[in-house]
Every structure is written in structure tokens, then in C-alpha cells.
Amino acid sequence: MSKTGVNEVLSKGGFSFDLCRRNAMLQQQGAKLPKYRKTGTTIVGLIFKDGVILGADTRATEGEIVCDKNCEKIHYLAPNISCCGAGTAADTENVTDMISSQLTLHRYATGRVSRVVTALTMLKSHLFGYQGQVSAALVLGGVDVTGPHLHAVYPHGSTDTLPFATMGSGSLAAMSVFESRYKEDLTRDEGMEIVSAAICAGIFNDLGSGSNVDLCIITKEGKEYLRNYQQPNPRSYTRSKGYDFKNGHTAVLSTNITQLRQHVQVLEGDAMEEE
Amino acid sequence: MRWESYNGGHEASEEEKQVYVGRSLMASSRPFTLMPTPGGPITHTQHPYVTGTSVLGLKYKDGVLIAADTAGSYGSTTRYKSVERLKQISNNTVLGATGEISDFQALTQLLDRLIVTDAMWDDGNNLGPLDIHNFLTRVMYNRRNKFDPLWNSLILGGVKNGVKYLGSVSMIGVHFVDQHIATGFGIHLAQPIFRSEWKENMTLEEGRKLLEKALLVLFYRDRSAINKIQIANITEDGVRISQPYALKPTWNFKAFKNPSSATPGTW
């Protein structure tokens with residue numbers, strides 16, 4: 001363990017911009033930056049009479065390819081708080097995981113149920129510190145002692161507190177559904193209907209969103225996570241006989257078995273050196 | 001009609017070039033030049049100045065409905081609030097345009113000459129919406145090939161001999177026909193609504209309500225849209241473009257009154 005000198009300054013964390021100039025120069029000379037996995041995405045949140053409903057699609061894209069047809073975009077933050085994430089998949093996953101751990105520690109320290117504003121403040125101060133380099137756009141929703149809350153968090157660290165919110169590339173399609181159908185004091189079923197209609201608008205009208213609809217309904221009684229609540233894009237053809245290849249379908253021409261594990265003979269000394 | 005009327009510029013004679021040389025040398029930093037610099041590149045207008053936002057169209061039982069708001073934006077300000085972006089072209093066609101208003105006005109003048117010439121033939125047949133759509137496609141595509149586009153997305157709707165027609169042409173010449181069409185921001189905000197709620201053989205009232213629903217969403221979410229709209233109704237009997245009227249937005253949600261009560265200091 002090295003001893004830190006009196007004059008040595010400990011690193012303060014936050015984004016280190018040291019390599020940015022070198023990366024920009026390399027890019028100018030023709031080096032290609034690695035493509036990151038984006039979530040494309042339509043994510044939405046809606047406050048109804050008794051709580052919050054969060055919805056998300058399930059497509060993850062890497063450039064023009066769909067790399068995951070059924071990913072999970074609704075992340076766990078606390079037993080009463082969930083967060084949908086759009087933007088770079090790694091950023092949304094890790095930021096929500098980190099804040100989820102911090103919230104657990106906070107619950108142990110305070111002995112109370114987590115509040116949505118706590119998660120909000122942790123997320124926004126983290127994202128602001130990284131000046132937008134952490135590309136995570138989140139829809140945060142939950143119910144705590146003060147009631148149901150819904151917030152939209154942007155990658156640079158600003159937040160919006162709204163009765164209905166949409167984020168991601170499909171946000172305009174989803175917002176058109178919300179703006180034309182939202183009313184106050186929706187029932188649970190009406191809310192679920194509007195949220196899934198909004199996600200379906202994103203799925204069918206935005207190329208970055210697709211596959212299935214996930215829902216998460218949070219009330220003061222608890223959280224209900226409906227994974228693949230709707231599957232409007234089923235595989236159109238599956239072979240009725242199934243894919244079952246019995247032994248003997250392919251002719252075996254020759255067999256050669258190689259032992260992969262070599263038997264080691266210990267001639268002198270101990271079999272394993274230990275320090 | 002001379003071909004030169006359709007294209008963006010005309011060939012300069014020698015004395016014209018002499019007169020303009022001095023000016024175009026000075027004008028190298030402007031976004032456009034009147035005459036090309038001799039030996040230099042031709043630079044045409046590449047940005048729009050006064051623009052109109054979305055136009056929406058859909059077919060219903062008796063004909064075609066086209067709607068647009070009446071705003072002319074100058075960059076980020078709403079400079080003109082009574083711009084008619086829907087124009088009757090012949091007795092059975094209406095043209096609506098998104099984008100540069102001056103280019104739209106040039107197009108309507110061009111179409112006017114086309115329709116008058118066609119009427120002068122007096123042969124018992126008149127140009128229908130399909131013909132005008134094809135004509136517009138050729139004009140837009142040829143201008144684009146000269147790198148001097150008419151900066152518009154157009155929606156053309158009409159009825160001829162009982163056949164309802166609704167088509168669209170973009171700035172670069174992409175054209176197609178459909179049962180419901182939107183341009184500008186309407187592509188992102190209105191098309192999803194049309195795709196899930198439009199049905200065949202809607203009544204006039206249902207069609208109007210659907211258009212107004214989409215226009216209200218556009219008013220909420222498009223910064224260049226205003227509350228004043230016009231709807232054009234084209235049927236076999238003719239064209240009726242309504243007077244501009246206002247939509248009724250809802251701003252009084254309880255949740256909008258004090259949104260940051262739980263998070264003081266933010267919004």
C-alpha cells in the first residue's frame with residue numbers, strides 16, 4: 001500500500017477530460033470510434049388516480065442492427081421506485097444500478113422508505129457532474145409517503161416534473177397519444193390502456209423502437225412489473241413440426257477423440273506453490 | 001410555356017455578366033448570388049427564411065380534407081399570423097405547403113399559368129389532381145437536381161370523376177399517395193394518430209374532428225405552430241376553404257399548477 005504524501009491531492013472523481021483532445025485528433029485522422037449500444041426507445045410515464053404507470057418498448061439497437069429484441073428498459077431503483085432508461089444502454093443500466101445501491105444504503109441509514117425526490121436528486125447531480133457525457137435520459141416514477149411522483153431526467157442533469165412524460169426516439173409518437181388522450185384522475189385500466197397505446201405508437205412509427213410493451217404499475221400498495229404485457233410483433237411463421245433432428249440424420253464418417261485435460265506428473269517439490 | 005420558367009435561373013448574356021461581375025465578387029459571403037461568378041461555383045439559396053409548419057390531409061367518405069395553421073415563422077419568431085398556406089389550384093384541387101413561403105407563392109403562380117393554359121385549350125377535359133401532382137413532382141425533382149430546390153413539402157388533394165386523390169411531394173422530389181398524409185412536424189406527431197385512428201369512409205364531422213385532434217397536439221408540441229387553423233374540403237362539387245378559426249387548448253391540469261411542490265427549486 002503506497003503512502004500518500006502530505007502535498008498529494010486525492011482524485012475527486014467526475015469525468016476526466018484528459019484524453020478528449022487525443023481522441024478528437026485520432027478521429028480527424030480517420031480512426032473510427034466504437035459504436036455503442038443504444039436503446040433507440042420509447043419510454044413513457046403517466047400519473048393516474050392511485051399512482052404511477054411506467055411503460056417501455058423492448059428493442060436495443062447497435063447502429064442499424066437490432067441487437068436485443070427483448071431487453072428490459074424498466075430498471076429497479078427501490079421497492080417503491082422504478083426508472084425507465086433511454087440513450088446509451090450501458091449508461092442507463094449503470095447509473096440506475098449505482099443510484100439503487102445508494103438508495104439502499106440511504107434506507108439503512110435513515111430507516112425510512114425511499115422518496116422519489118431522493119432518487120431524482122442523486123441522478124441529476126451525478127449526470128450534471130458528467131456534463132452530459134453520461135448519455136442517460138430517464139423517466140423516473142414512484143410512490144412514497146408524499147404521494148405519486150413522475151419526473152423526466154435529461155442527460156445534462158435537468159429534470160421535469162410532469163403528470164405525463166415521454167423520452168427516447170419514439171417520444172414524439174408517444175407524446176401525440178398522451179396529448180390527445182390524457183385526462184386527470186384516470187383509473188388504473190384507463191391508464192394502462194393509454195400507456196400501452198403510447199408505447200405501441202412508438203413501436204410502429206419509430207424505427208428505433210420495436211418488439212414488445214413492458215409496463216410497471218406503482219401504487220402505495222406496491223409495485224407490479226408486467227414484463228411483455230403486450231406482444232404485438234409475434235413471429236409470423238413457426239414450423240409446425242418443430243426443429244428436432246434425431247440421431248442418424250447426418251452420416252458420421254470418422255471419429256477422433258482428444259483428451260483435453262492432460263495428466264500432470266509431479267516429479268519433485270509440492271504440487272502447488274503457495275505463498 | 002418556356003422551359004426557363006420552370007428552372008431556377010437563366011443563361012446570362014455577355015453584357016449581363018459584365019454588369020454583375022463587380023457585385024458578385026463582393027457578394028461571395030452572401031448566402032446566394034444573383035448571377036454566377038464567371039469561372040466560379042453557382043451558389044443558390046440553401047436556407048429557408050419565412051416558413052410554414054405542418055400540413056395534414058386525409059380522405060373521408062365524400063372527398064378529401066386538408067388542414068394547416070396560418071403561421072409564417074421567421075426563424076424563431078412568429079412573424080406572420082395570417083398566412084394562407086392552403087391554395088385552391090383548380091376547381092377540384094387544393095395545394096398545401098410546408099416550408100419557404102416565397103417558394104410556395106412562386107409555385108402557385110406557376111400552377112396558375114398551367115391551369116389557365118389548360119383552360120384555354122377548351123377541349124372538354126381539365127387537369128386533375130393526379131396530373132398536377134405529376135407536374136409538381138417533375139418541377140421539384142428537376143430543381144433538386146440543379147442544387148436549387150424549392151424549399152417546400154407539398155400536399156395535394158382533389159377529387160375528379162368520383163376518385164379521391166391525396167398525394168405528397170417533398171423538397172427533393174420524393175412523391176407518394178396515401179389515405180392520410182402529413183408534412184413537417186406532422187410526420188412525427190400527427191401520423192401516429194392517423195395510423196391508429198383513421199378509418200375508411202369517415203363522415204365529414206369525424207374527419208374534421210380527427211384533423212383538429214392532430215392540429216391541437218401540434219399546437220402543444222410544435223413551437224412554430226399557432227392556434228389559428230384552416231381546413232379545406234374538396235368534394236366532387238368543388239372546393240371550400242374555411243375561414244381561419246381557433247382551437248381550444250387545455251392548460252388547467254391540476255398537476256401543472258404547482259409541479260415542483262415536491263422538488264422545490266426545480267421545475
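Since the structure is predicted, the reported quantities are computational estimates derived from the model, not experimental observations.
A/R227 CZ: more than 12 foreign heavy atoms inside a 6.0 Å radius. Counting heavy-atom neighbours within 6.0 Å of A/Y76 OH, excluding the residue itself, gives a total above 12. For A/H126, the NE2 atom counts as densely surrounded, since its 6.0 Å shell holds more than 12 non-hydrogen atoms of other residues, nucleotides or ligands. For A/L105, the CG atom sits in a packed shell: over 12 heavy atoms of surrounding residues, nucleotides or ligands are nearer than 6.0 Å.
Interface residue A/D185: only side-chain heavy atoms are found under 4.5 Å from chain B. Within the 4.5 angstrom heavy-atom criterion, no atom of A/I47 approaches chain B. Contacts between B/L216 and chain A at a heavy-atom distance below 4.5 Å are absent for every atom of the residue. Neither the backbone nor the side chain of A/T146 comes within less than 4.5 Å of any heavy atom of chain B.
Side-chain contact between A/V177 and B/P192 is absent, with no heavy-atom pair separated by less than 4.5 Å. Within the 4.5 Å cutoff, no side-chain heavy atoms of B/Y220 are placed close to those of A/F178.
Heavy atoms only, all atoms of each residue included: B/L189 and A/L172 are closest at CD2-O, 3.3 Å. Shown here for A/F204 and B/R195, the closest heavy-atom pair between the two residues is O-NH1, 4.4 Å.
Ring geometry for B/F253 against A/Y182 counts as perpendicular: the plane angle is over 60°, on a 0 to 90° scale with 30° as the lower cut.
Interatomic distance, B/H188 NE2 to A/M175 CE, rounded to the nearest 0.5 Å: 15.0 Å. Distance check: A/E179 CD to B/K213 NZ gives 12.5 Å after rounding to the nearest 0.5 Å.
At least one donor-acceptor pair closer than 3.5 Å links the side chain of A/E184 to the backbone N or O of B/K254.
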